[in-house]
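In the text below, chain A, chain B and the rest are named by the order of the sequence lines, each starting its count at 1.
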There are 2 protein chains.
Amino acid sequence: MADPTPDRTDQSLIALRRILRATELFERKLAQAAGLTPAQLRVLQIVAKKDHGTATPKALATQMGVSQATVTALVDKLVARDMVARHRSDVDRRQTDVAITDKGRAAVSSSPDALQQKYVKSFEALMDWEQAQLVASLERVAAMLDAHEIDASPVLTIRDIRQEDY
Amino acid sequence: MADPTPDRTDQSLIALRRILRATELFERKLAQAAGLTPAQLRVLQIVAKKDHGTATPKALATQMGVSQATVTALVDKLVARDMVARHRSDVDRRQTDVAITDKGRAAVSSSPDALQQKYVKSFEALMDWEQAQLVASLERVAAMLDAHEIDASPVLTIRDIRQEDY
DNA sequence: CCGTTTCGTTCGTCAATCTAACTAATACAG
DNA sequence: CTGTATTAGTTAGATTGACGAACGAAACGG
């Protein structure tokens, strides 16, 4: 408190935590709006974005950073709700293709963002140089945090939904 | 792809997602190192940082953004491991003080950084103006995300551990 | 004193996650 | 080919975190 130079490391960590909290809540809201849980929505989003609207459990597990068993459970629930369907692969019959259904696509694209819009709109309202600055900063922080964790990146949850909106 | 100005919004969202992923994994590791689950560690950290090393379940629930019932369950587990103890408050006998024990304090302060150090070290290696820039950017993003969610902020998980290290 | 509010716990439920064990299919080495 | 190893996915069982509803105990306000 009496510190004349408020510790920047602390400040950065505090801000990070705020970001995490907000995003967590945001995801819950988003999923709820689509009538799903966050994890289920994530599966659906990944599948939806694939070229043919299909993905293997293995790929899902890798991309989400969870075990295959977890993916099985999630897919089970989505199948029960007719959001996706399982199909045996012809090329390698060990593999299963998890394919999104029309209903699943509808659920993904209908998730009516609220907070999401909030962020995107705020961001897009910024001046060009500010946007560039933020991107640079975020990427820098990301690099500092996950330098080791090579795969990580490409889930995109948020972005693709946004694209659906247009 | 052919877009001449790579979409900055997308870039920022991708970076954000990387940050989230990395932090999530980081927290898991941290907790594991302390022999606890992330949620349990969070409770312990909040309690540890209070002046008298105590907090009421109510306060914990509010600060963590979960229900009191959840806090009860978490505290149960910490009590079972001798990390905290419950004491009836004298001033208001409806209240319970959750007090950290020596063992709990040891667990909190012993969580051996690894990844954590990585971020902190990277951050602290930056030039002063760069640090300032990052903090400003992070806070801006946080503000854009949680403008609505007034309470949120002050859990700090990470920061306090870091302080323990010195 | 009595009704209301507040605090915490208990109970039942459910989602997400893990590990370990198992089945089925493919791959590869002789 | 045959047989072993590897890979993909599921099943089973457990734990954790989370919630809401119901409840008991204490405090507070008339």
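- Among residues two or more places apart in sequence or in another chain, the salt bridge (charged side-chain N to carboxylate O under 4.0 Å, His left out) test is passed with A:Asp92 by A:Arg94.
- In summary, B:Lys50 and B:Asp97 do not engage in a salt bridge, as defined by a charged side-chain N under 4.0 Å from a carboxylate O.
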Exercise. How does protein reach along nucleotides 8-21 of chain D, written 5' to 3' as B (base within reach of a heavy atom under 4.0 Å), S (only sugar-phosphate), or - (no contact)?
Worked result: SBBB----SSBBB-
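- The 12-atom threshold is exceeded at CZ of B:Arg86, counting heavy atoms of other residues, nucleotides or ligands nearer than 6.0 Å.
- Remark: B:Asp102 pairs with no residue by the salt bridge (charged side-chain N to carboxylate O under 4.0 Å, His left out) rule, at least two apart or across chains.
- Protein chain B contacts DNA chain C from C:dT6 to C:dT10, reading 5' to 3' and using non-hydrogen atoms of the protein with a distance under 4.0 Å.
- Of the options B:Leu78, B:Val75, B:Ile100, a side chain to side chain contact (heavy atoms under 4.5 Å, CB included) to B:Met83 is made by B:Leu78 and by none of the others.
- Residues passing the salt bridge (charged side-chain N to carboxylate O under 4.0 Å, His left out) test with A:Arg81, sequence neighbours excluded: none.
- Contacts of A:Asp90 classified as salt bridge (charged side-chain N to carboxylate O under 4.0 Å, His left out), with partners at least two apart in sequence or in another chain: none.
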